[in-house]
Enquirer: 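Dumping the structure here so I can ask a few things about it.
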Amino acid sequence: MQVLSARATSSADAIRTVFDFFSKYREGVDDKDVRADLTFGNPHEMPLPDMVRAIKARMDPQRPDWFAYKTSEEEPREVIAKALGQETGLPFESDDIAMTPGAFGAIALAFSLLLDPGDECIIPLPGWFCYATTLRARNAVPVQVPLAEDTFDLDIGPIEAAISRRTRLVVVNTPHNPTGVIYSRERLAELAAMLSRKSAELGRPIFILSDEPYRRIRFDGAAFTSPAAVYPHTLIDYSYGKILLSPGLRLGYLAICPTMPEPDRTTLREACATSQVAGGWCFPDAPLQYAVRDLESMGIDMDELQRKRDRMHGALTQWGYQMTKPAGTFYLWGRAPKGDAAGFARDLAGHGVFVMPGTLFDRPTDFRISLTGTFEMIEASLPAFQAAAPA
Ligand code: PLP
C-alpha cells in the first residue's frame, strides 16, 4: 500500500545518493581510526566565543513578547539592508529582506514564490546537491547545465540553449560549491544580457536566484560581484552558517533586488511573509534574529583558512593532482586519480581519511575536500593523499 505522495517520493529519489552516502561513508570504521574527516563543511573546533556570547545574551528575555510569534523582525532587516547595500552598491530597504532559516530556507522560499508545477529552473553542474530535491518537492523541473569544463566558469551558450518556454529561474551560485570559483562581473553581465533578451522573447522575466552563502569567504582579497548588481530580476539568498561556521544555527535571508521593476518588487516583497507562514512558519528563532546586529560583523579566521587552502592545494598539486584553486568557499575540488572518485574515496578511507566523492555532485570523476577540518587534521591526512596520488 502506497503511503508517500508522488511528490514526496520523487523528491526523496533525487536525494537518495546523498542520504546513502551520509549514512554509510564511515560504516565499519572505528572513530579512533579516523585521522581526518574532510567530508562536510562542518565545524571541528569550538564555536566563535563572541558569537556564543551574542546569542546567549539574546536568550535573556527583555520584554513579555520576547518569545512571541515572530515573522521577519524589523531590526535585523534594517541591519542587513544597510550591510548588503554597502557590499553591493544597491539601495536595499528593510522591506526587501525576508529573514529565513539559513540560505536553504531562502532558496525554498524563492522556489515557492516563483515556480509553478512544471516550471523549469536551471541549476549548475557540478552544483550543490539539494537544489534538485527542493525543486522536485514543488513539482518544478531541475535542468542541469554544465559549467565550463576545466575552469568551471559560467558557460552562457549552454545556459541559453537550455532555456525553454517553461524556464522561470536560473540559479547562480557564487562563490561556487564545490569548485570555489567566483564569477567575474563581465561574465555575469554577459549572462544578464542573454537573460534580458530571452525574457523579452518569452514575454515574462526569467529570474536569477543568486545563491551567495559563501559571499564573505574569499581568498587573496578576491573581488565579488552579486548578479543583482547587473540583473534587476535577481533574488539573493544568504546564510550566516558559513561565515560563522555554525550551520546548525539556522539564520539567513532572502533579499529582493531593489532595482527590480515594479510591480514585481512590491509583489515579491508582499508575498514573502505569507509564503513563509504557509510553509510552516519558516522564520529563524527570535533570539537569532535579535543577534543579527552583532553577528553581522563576525566571522571565522580567514587567514587561517587561507593557510589551510594553501597547504592542501600546494601539497596535492606537487603530487600530481589536478586541483582547482578556490577563490572562495571552504572547499577544494579536484580530479580523482584515474577519474574514479568512488574508488579514490574508498582508498583514502582505508587510511582513516574521508573526502566527498564527486558522485554526489553528478561528477563521478572528481572529489571535494572540506577545509573546515583543523590544521592538524589536514597535516594528518597528507600521507594518505600522497600514497593515493596519480601515477
Ligand atoms: N547553497 C549552497 C551552495 C550550499 O553549499 C549550502 C550549504 O552547504 C546552502 C546553500 C545552504 O546553506 P545553509 O545550510 O547555511 O542554509
Enquirer: Around atom CD of Q306, are there more than 12 heavy atoms from other residues, nucleotides or ligands closer than 6.0 Å?
Expert: yes
Enquirer: Looking at K70, is its backbone amide N or carbonyl O close enough to the side chain of W281 to form a donor-acceptor pair, meaning the two atoms are under 3.5 Å apart?
Expert: yes
Enquirer: With a 4.5 Å cut-off on side-chain heavy atoms, are R197 and E160 touching?
Expert: yes
Enquirer: Would you say the ring centers of F40 and F22 fall short of 6.0 Å from each other?
Expert: yes
Enquirer: Would you call T151 and T179 a side-chain contact if the rule is heavy atoms closer than 4.5 Å?
Expert: no
Enquirer: Can you say whether the rings of Y25 and F354 are parallel (under 30°), tilted (30 to 60°) or perpendicular (over 60°)?
Expert: perpendicular
Enquirer: Does the ring of Y290 carry R58 above it, NZ/CZ under 6.0 angstrom from centre and within 45° of its axis?
Expert: no
Enquirer: Assess whether atom CZ of R63 is packed by more than 12 heavy atoms of other residues, nucleotides or ligands within 6.0 Å.
Expert: yes
Enquirer: Of the options R269, E262, E270, which is the one that meets T266 in a side chain to side chain donor-acceptor pair (under 3.5 Å)?
Expert: E262
Enquirer: Do V292 and E73 have side-chain heavy atoms sitting under 4.5 Å apart?
Expert: no
Enquirer: Identify the residue among N177, I182, T174 that makes a side chain to side chain contact (heavy atoms under 4.5 Å, CB included) with Y214.
Expert: N177
Enquirer: If we ignore hydrogens and angles and just use 3.5 Å, is the side chain of D294 paired with the main-chain N or O of A291 as donor and acceptor?
Expert: no
Enquirer: Distance check, rounded to the nearest 0.5 Å: D264 atom CG versus I256 atom CD1?
Expert: 10.5 Å
Enquirer: Looking only at heavy atoms, what is the nearest atom pair of P61 and F67, with distance?
Expert: CG-CE1, 4.1 Å
Enquirer: Regarding R307 and the six-membered ring of F375, is the cationic atom NZ or CZ under 6.0 Å from the ring centre and inside 45° of its axis?
Expert: no
Enquirer: Given the ring of Y238, does R215 sit roughly above its face, with NZ or CZ under 6.0 Å from the centre of the six-membered ring and within 45° of the axis?
Expert: yes
Enquirer: Nearest 0.5 Å, please: how far is CD1 in I80 from CZ in F92?
Expert: 11.0 Å
Enquirer: When you look at CZ of R346, are more than 12 heavy atoms from neighbouring residues, nucleotides or ligands closer to it than 6.0 Å?
Expert: no
Enquirer: For the aromatic rings, using the six-membered ring if either is Trp, is the centroid distance between W333 and F361 under 6.0 Å?
Expert: yes
Enquirer: Just wondering, are more than 12 heavy atoms of other shown residues or ligands nearer than 6.0 Å to CE in M298?
Expert: yes
Enquirer: May I ask you to test the P247-N42 pair for a side-chain heavy-atom distance under 4.5 Å?
Expert: yes
